[in-house]
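A short worksheet on the structure shown next.
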2 protein chains.
Amino acid sequence: MNLDKLKISQVAKAANVNVETVKYYVKRGLLSKPERNRAGYRLFSKSVIDDILLIKKAQEIGFTLNEIKHLLALIKQDDYFPTDAMYTFAMDKIKDINDTISRLEQFRSLLELAASQASQPFPRSKRDCPVLNKIRKG
Amino acid sequence: MNLDKLKISQVAKAANVNVETVKYYVKRGLLSKPERNRAGYRLFSKSVIDDILLIKKAQEIGFTLNEIKHLLALIKQDDYFPTDAMYTFAMDKIKDINDTISRLEQFRSLLELAASQASQPFPRSKRDCPVLNKIRKG
DNA sequence: GTAAACCCGGTACCATAATACCGGGTCAAG
DNA sequence: CTTGACCCGGTATTATGGTACCGGGTTTAC
(Lines give C-alpha, C1' and ligand atoms only; values in the text may rest on other atoms or scores of the structure.)
Protein backbone atom coordinates (compact mmCIF):
# COMPACT_ATOMS: atom_id res chain seq x y z
CA MET A 1 0.00 0.00 0.00
CA ASN A 2 2.97 2.34 -0.32
CA LEU A 3 2.19 4.51 -3.30
CA ASP A 4 5.50 6.22 -2.89
CA LYS A 5 4.27 7.82 0.30
CA LEU A 6 5.74 7.52 3.76
CA LYS A 7 4.11 7.33 7.14
CA ILE A 8 5.36 9.67 9.80
CA SER A 9 7.57 7.16 11.55
CA GLN A 10 9.25 6.26 8.29
CA VAL A 11 9.99 9.90 7.66
CA ALA A 12 11.24 10.38 11.18
CA LYS A 13 13.52 7.40 10.99
CA ALA A 14 14.91 8.34 7.59
CA ALA A 15 15.61 11.90 8.70
CA ASN A 16 16.86 10.83 12.10
CA VAL A 17 14.42 12.89 14.13
CA ASN A 18 11.50 12.04 16.39
CA VAL A 19 7.97 11.59 15.18
CA GLU A 20 7.00 14.51 17.40
CA THR A 21 9.55 16.69 15.72
CA VAL A 22 8.05 16.00 12.32
CA LYS A 23 4.62 16.90 13.65
CA TYR A 24 6.11 20.01 15.17
CA TYR A 25 7.70 21.16 11.91
CA VAL A 26 4.39 20.73 10.14
CA LYS A 27 2.64 22.69 12.87
CA ARG A 28 5.26 25.42 12.58
CA GLY A 29 4.74 25.54 8.84
CA LEU A 30 8.24 24.44 7.87
CA LEU A 31 6.85 21.34 6.24
CA SER A 32 3.60 21.50 4.33
CA LYS A 33 0.59 19.61 5.57
CA PRO A 34 0.73 16.04 4.32
CA GLU A 35 -2.10 14.10 2.75
CA ARG A 36 -4.04 11.73 4.93
CA ASN A 37 -5.22 8.22 4.22
CA ARG A 38 -8.66 6.93 5.19
CA ALA A 39 -7.58 6.33 8.76
CA GLY A 40 -6.28 9.87 9.07
CA TYR A 41 -2.63 8.83 8.96
CA ARG A 42 -0.24 11.39 7.51
CA LEU A 43 1.27 10.41 4.18
CA PHE A 44 4.41 12.29 3.29
CA SER A 45 6.22 12.39 0.01
CA LYS A 46 9.83 11.34 0.10
CA SER A 47 11.11 14.85 -0.41
CA VAL A 48 10.27 15.85 3.16
CA ILE A 49 13.23 13.81 4.26
CA ASP A 50 15.53 16.16 2.39
CA ASP A 51 13.58 19.10 3.72
CA ILE A 52 14.17 17.94 7.26
CA LEU A 53 17.85 17.37 6.58
CA LEU A 54 18.04 20.89 5.24
CA ILE A 55 16.30 22.22 8.34
CA LYS A 56 18.82 20.44 10.53
CA LYS A 57 21.74 21.76 8.51
CA ALA A 58 20.47 25.29 8.62
CA GLN A 59 19.81 25.01 12.33
CA GLU A 60 23.34 23.87 13.01
CA ILE A 61 24.70 27.03 11.56
CA GLY A 62 22.45 29.20 13.63
CA PHE A 63 19.29 29.82 11.66
CA THR A 64 16.12 29.88 13.70
CA LEU A 65 13.10 27.85 12.63
CA ASN A 66 11.41 31.03 11.46
CA GLU A 67 14.31 31.94 9.25
CA ILE A 68 14.38 28.43 7.88
CA LYS A 69 10.67 28.63 7.20
CA HIS A 70 11.36 31.76 5.19
CA LEU A 71 14.22 30.06 3.38
CA LEU A 72 12.13 26.99 2.55
CA ALA A 73 9.24 29.12 1.38
CA LEU A 74 11.52 30.89 -1.08
CA ILE A 75 13.09 27.67 -2.18
CA LYS A 76 9.83 25.83 -2.67
CA GLN A 77 8.01 28.20 -4.91
CA ASP A 78 6.49 26.25 -7.75
CA ASP A 79 8.94 27.63 -10.19
CA TYR A 80 12.21 29.16 -9.50
CA PHE A 81 11.63 32.83 -10.03
CA PRO A 82 14.43 34.54 -8.28
CA THR A 83 13.00 37.61 -6.69
CA ASP A 84 14.31 40.70 -5.02
CA ALA A 85 13.17 39.15 -1.79
CA MET A 86 15.35 36.16 -2.42
CA TYR A 87 18.32 38.31 -3.28
CA THR A 88 17.85 40.52 -0.26
CA PHE A 89 17.37 37.56 2.01
CA ALA A 90 20.48 35.86 0.70
CA MET A 91 22.54 39.02 1.03
CA ASP A 92 21.35 39.63 4.56
CA LYS A 93 22.20 36.11 5.56
CA ILE A 94 25.62 36.28 3.92
CA LYS A 95 26.34 39.37 5.94
CA ASP A 96 25.21 37.66 9.13
CA ILE A 97 27.38 34.68 8.34
CA ASN A 98 30.41 36.85 7.68
CA ASP A 99 29.91 38.67 10.95
CA THR A 100 29.61 35.42 12.80
CA ILE A 101 32.71 34.01 11.17
CA SER A 102 34.68 37.10 12.19
CA ARG A 103 33.59 36.80 15.77
CA LEU A 104 34.40 33.12 15.78
CA GLU A 105 37.85 33.73 14.34
CA GLN A 106 38.50 36.40 16.91
CA PHE A 107 37.51 34.15 19.73
CA ARG A 108 39.43 31.26 18.29
CA SER A 109 42.64 33.22 18.33
CA LEU A 110 42.06 33.99 21.98
CA LEU A 111 41.60 30.34 22.70
CA GLU A 112 44.72 29.50 20.74
CA LEU A 113 46.62 31.93 22.88
CA ALA A 114 45.14 30.36 25.97
CA ALA A 115 46.18 26.94 24.80
CA SER A 116 49.72 28.06 24.04
CA GLN A 117 49.99 29.72 27.43
CA ALA A 118 48.82 26.51 28.96
CA SER A 119 51.96 24.79 27.80
CA GLN A 120 54.26 27.32 29.48
CA PRO A 121 55.97 26.08 32.62
CA PHE A 122 55.75 29.19 34.79
CA PRO A 123 52.59 30.41 36.36
CA ARG A 124 52.00 34.08 36.19
CA SER A 125 49.58 36.57 37.62
CA LYS A 126 46.20 37.02 36.03
CA ARG A 127 47.14 40.56 35.15
CA ASP A 128 49.79 39.32 32.78
CA CYS A 129 47.56 36.88 31.01
CA PRO A 130 47.31 38.02 27.42
CA VAL A 131 44.24 35.88 26.86
CA LEU A 132 42.35 37.60 29.57
CA ASN A 133 43.39 41.01 28.47
CA LYS A 134 42.38 40.37 24.92
CA ILE A 135 39.07 38.83 25.82
CA ARG A 136 38.30 41.78 28.00
CA LYS A 137 39.09 44.30 25.32
CA GLY A 138 37.34 42.29 22.60
CA MET B 1 29.20 56.71 49.75
CA ASN B 2 30.66 55.07 46.65
CA LEU B 3 33.70 53.21 47.87
CA ASP B 4 34.46 52.15 44.35
CA LYS B 5 31.43 49.92 44.43
CA LEU B 6 28.45 49.95 42.12
CA LYS B 7 24.80 49.33 42.79
CA ILE B 8 23.04 46.90 40.53
CA SER B 9 21.41 49.49 38.30
CA GLN B 10 24.75 51.18 37.72
CA VAL B 11 26.26 47.88 36.67
CA ALA B 12 23.30 47.11 34.44
CA LYS B 13 23.45 50.47 32.78
CA ALA B 14 27.19 50.33 32.23
CA ALA B 15 27.02 46.85 30.74
CA ASN B 16 23.89 47.60 28.78
CA VAL B 17 21.77 44.84 30.26
CA ASN B 18 18.74 44.78 32.54
CA VAL B 19 18.97 44.71 36.29
CA GLU B 20 17.19 41.38 36.21
CA THR B 21 19.83 39.97 33.91
CA VAL B 22 22.56 40.88 36.37
CA LYS B 23 20.63 39.17 39.17
CA TYR B 24 20.15 36.22 36.86
CA TYR B 25 23.85 35.87 36.08
CA VAL B 26 24.66 35.93 39.77
CA LYS B 27 22.02 33.29 40.42
CA ARG B 28 23.45 31.19 37.61
CA GLY B 29 26.91 31.53 39.09
CA LEU B 30 28.46 33.41 36.19
CA LEU B 31 29.07 36.39 38.39
CA SER B 32 30.14 35.90 41.98
CA LYS B 33 27.86 36.97 44.77
CA PRO B 34 28.36 40.64 45.51
CA GLU B 35 28.80 42.25 48.90
CA ARG B 36 25.80 43.84 50.52
CA ASN B 37 25.47 47.11 52.33
CA ARG B 38 23.48 47.56 55.53
CA ALA B 39 20.24 47.80 53.61
CA GLY B 40 20.93 44.59 51.75
CA TYR B 41 21.73 46.33 48.49
CA ARG B 42 24.17 44.49 46.23
CA LEU B 43 27.52 46.22 45.84
CA PHE B 44 29.50 45.13 42.81
CA SER B 45 33.09 45.87 41.98
CA LYS B 46 33.66 47.57 38.67
CA SER B 47 35.16 44.50 37.10
CA VAL B 48 31.77 42.84 36.78
CA ILE B 49 31.04 45.19 33.94
CA ASP B 50 33.84 43.63 31.94
CA ASP B 51 32.67 40.22 33.01
CA ILE B 52 29.22 40.93 31.64
CA LEU B 53 30.65 42.26 28.42
CA LEU B 54 32.68 39.09 28.11
CA ILE B 55 29.56 37.02 28.71
CA LYS B 56 27.76 38.88 25.96
CA LYS B 57 30.64 38.46 23.58
CA ALA B 58 30.93 34.77 24.24
CA GLN B 59 27.20 34.38 23.87
CA GLU B 60 27.22 36.03 20.48
CA ILE B 61 29.53 33.40 19.14
CA GLY B 62 27.38 30.60 20.40
CA PHE B 63 28.62 29.70 23.87
CA THR B 64 25.89 28.75 26.31
CA LEU B 65 25.78 30.29 29.76
CA ASN B 66 27.08 27.07 31.24
CA GLU B 67 30.07 27.05 28.96
CA ILE B 68 30.71 30.67 29.77
CA LYS B 69 30.51 29.87 33.46
CA HIS B 70 33.19 27.27 32.91
CA LEU B 71 35.28 29.71 30.92
CA LEU B 72 34.97 32.42 33.55
CA ALA B 73 35.80 29.98 36.32
CA LEU B 74 39.05 29.06 34.58
CA ILE B 75 39.85 32.66 33.84
CA LYS B 76 39.18 33.93 37.32
CA GLN B 77 41.33 31.59 39.32
CA ASP B 78 43.31 33.62 41.79
CA ASP B 79 46.49 33.08 39.92
CA TYR B 80 46.91 32.13 36.39
CA PHE B 81 48.00 28.55 36.59
CA PRO B 82 47.31 27.13 33.18
CA THR B 83 46.06 23.64 33.70
CA ASP B 84 45.36 20.61 31.62
CA ALA B 85 41.70 21.45 32.05
CA MET B 86 42.28 24.86 30.54
CA TYR B 87 44.22 23.42 27.65
CA THR B 88 41.63 20.75 26.98
CA PHE B 89 38.82 23.22 27.23
CA ALA B 90 40.49 25.62 24.83
CA MET B 91 41.28 22.85 22.37
CA ASP B 92 37.74 21.53 22.47
CA LYS B 93 36.35 24.95 21.85
CA ILE B 94 38.77 25.62 19.02
CA LYS B 95 37.59 22.46 17.36
CA ASP B 96 33.96 23.47 17.82
CA ILE B 97 34.69 26.86 16.35
CA ASN B 98 36.45 25.39 13.35
CA ASP B 99 33.55 23.06 12.69
CA THR B 100 31.12 25.92 12.92
CA ILE B 101 33.17 28.07 10.59
CA SER B 102 33.24 25.28 8.02
CA ARG B 103 29.51 24.89 8.14
CA LEU B 104 29.02 28.62 7.86
CA GLU B 105 31.33 28.87 4.88
CA GLN B 106 29.53 26.03 3.18
CA PHE B 107 26.18 27.66 3.68
CA ARG B 108 27.51 31.03 2.67
CA SER B 109 28.59 29.71 -0.70
CA LEU B 110 25.10 28.37 -1.25
CA LEU B 111 23.64 31.74 -0.46
CA GLU B 112 26.11 33.40 -2.77
CA LEU B 113 24.96 31.12 -5.51
CA ALA B 114 21.36 31.94 -4.70
CA ALA B 115 22.13 35.63 -4.86
CA SER B 116 23.90 35.33 -8.20
CA GLN B 117 21.00 33.35 -9.62
CA ALA B 118 18.68 36.04 -8.40
CA SER B 119 20.27 38.48 -10.79
CA GLN B 120 19.62 36.31 -13.83
CA PRO B 121 16.79 37.42 -16.07
CA PHE B 122 15.26 34.06 -16.99
CA PRO B 123 13.25 31.99 -14.59
CA ARG B 124 13.96 28.34 -14.62
CA SER B 125 12.48 25.23 -13.13
CA LYS B 126 13.28 24.33 -9.57
CA ARG B 127 14.98 21.20 -10.81
CA ASP B 128 17.63 23.27 -12.51
CA CYS B 129 18.36 25.45 -9.54
CA PRO B 130 21.94 24.81 -8.53
CA VAL B 131 21.34 26.36 -5.14
CA LEU B 132 18.61 23.94 -4.32
CA ASN B 133 20.55 20.98 -5.53
CA LYS B 134 23.56 21.91 -3.52
CA ILE B 135 21.64 22.66 -0.38
CA ARG B 136 19.89 19.36 -0.64
CA LYS B 137 23.10 17.41 -1.02
CA GLY B 138 24.87 19.38 1.69
C1' DG C 1 -8.93 -12.97 16.53
C1' DT C 2 -5.87 -10.94 19.34
C1' DA C 3 -1.55 -8.76 20.51
C1' DA C 4 2.08 -5.73 19.12
C1' DA C 5 3.16 -1.93 16.76
C1' DC C 6 1.77 1.94 14.88
C1' DC C 7 -1.11 6.30 14.35
C1' DC C 8 -4.27 10.19 16.01
C1' DG C 9 -4.87 14.95 18.40
C1' DG C 10 -4.20 17.21 22.51
C1' DT C 11 -1.97 18.66 26.50
C1' DA C 12 1.77 18.90 29.57
C1' DC C 13 6.34 19.25 30.41
C1' DC C 14 11.58 20.21 29.77
C1' DA C 15 15.71 23.39 29.33
C1' DT C 16 17.60 27.84 28.11
C1' DA C 17 17.79 32.69 28.64
C1' DA C 18 15.86 35.89 30.00
C1' DT C 19 11.88 39.63 31.30
C1' DA C 20 7.94 41.24 34.06
C1' DC C 21 5.68 41.99 38.07
C1' DC C 22 4.90 42.06 43.03
C1' DG C 23 4.53 44.07 47.87
C1' DG C 24 7.38 46.07 50.56
C1' DG C 25 11.91 48.32 52.37
C1' DT C 26 15.45 52.33 51.69
C1' DC C 27 17.22 56.69 50.65
C1' DA C 28 17.97 61.46 49.08
C1' DA C 29 15.86 65.94 47.74
C1' DG C 30 12.97 69.53 48.64
C1' DC D 1 8.25 64.17 56.19
C1' DT D 2 6.65 62.85 52.00
C1' DT D 3 7.51 61.76 47.17
C1' DG D 4 10.02 59.41 43.76
C1' DA D 5 13.68 56.63 42.46
C1' DC D 6 15.81 52.93 43.64
C1' DC D 7 16.44 48.24 45.92
C1' DC D 8 14.87 43.56 47.88
C1' DG D 9 13.45 38.52 47.04
C1' DG D 10 10.14 35.79 44.97
C1' DT D 11 7.06 34.26 41.55
C1' DA D 12 5.24 34.20 36.96
C1' DT D 13 5.55 34.75 32.18
C1' DT D 14 7.76 34.89 27.64
C1' DA D 15 9.96 32.62 23.46
C1' DT D 16 12.34 28.81 21.33
C1' DG D 17 12.71 24.10 20.16
C1' DG D 18 11.45 20.50 21.17
C1' DT D 19 10.01 15.80 24.19
C1' DA D 20 6.65 13.03 26.80
C1' DC D 21 2.43 11.26 27.70
C1' DC D 22 -2.51 10.40 27.08
C1' DG D 23 -6.75 7.54 25.73
C1' DG D 24 -8.22 5.73 21.95
C1' DG D 25 -8.39 4.10 16.85
C1' DT D 26 -5.86 1.20 13.11
C1' DT D 27 -3.08 -2.13 10.98
C1' DT D 28 -0.19 -6.04 10.73
C1' DA D 29 1.51 -10.49 11.72
C1' DC D 30 0.91 -14.80 13.56
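Lettering follows sequence order; numbering is per chain, from 1. Just so we're clear, the structure is a prediction, and the values are computed from it rather than from any experiment.
B:Q10 places its CD atom 13 Å from the C1' atom of D:dA5, with the value rounded to the nearest Å. In this structure, B:R38 atom CZ and C:dT26 atom P are separated by 12 Å, rounded to whole Å. For the pair B:N37 CG and D:dC7 P, the computed distance is 10 Å after rounding to whole Å. Summarising the geometry, the separation between CZ on A:F44 and C1' on C:dC6 is reported as 14 Å, rounded to the nearest angstrom.
When all heavy atoms of A:A15 and A:L53 are compared, the closest pair comes out as O-CD2, 4.0 Å. Across all non-hydrogen atoms, the minimal contact from A:K69 to A:G29 is CG-O, 3.9 Å.
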task = With salt bridge (charged side-chain N to carboxylate O under 4.0 Å, His left out) as the test, would you mind laying out the steps for B:D99 and B:K95 before giving the verdict?
result = CA-CA 6 Å; B:D99 291 350; B:K95 190 183 172 312; 3.0 Å; yes
CA sep, side-chain torsions, deciding dist, call: B:L31, B:I55, side chain to side chain contact (heavy atoms under 4.5 Å, CB included) = CA-CA 10 Å; B:L31 305 175; B:I55 292 168; 4.0 Å; yes
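With hydrogens and angles disregarded, a donor-acceptor distance shorter than 3.5 Å links the side chain of B:N37 to the backbone of B:A39.
Under 4.0 angstrom from either OP1 or OP2 of D:dA5 there lies no side-chain N or O belonging to B:S9.
For the side chain to side chain contact (heavy atoms under 4.5 Å, CB included) criterion with B:V22, the lone passing option out of B:I49, B:L30, B:V48, B:V17 is B:V17.
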request  = Determine, for nucleotides 9-25 of chain C in 5'-to-3' order, which nucleotides have protein heavy atoms under 4.0 Å from the base (write B), from only the sugar-phosphate (write S), or from neither (write -).
outcome  = B-------BBBBB---B
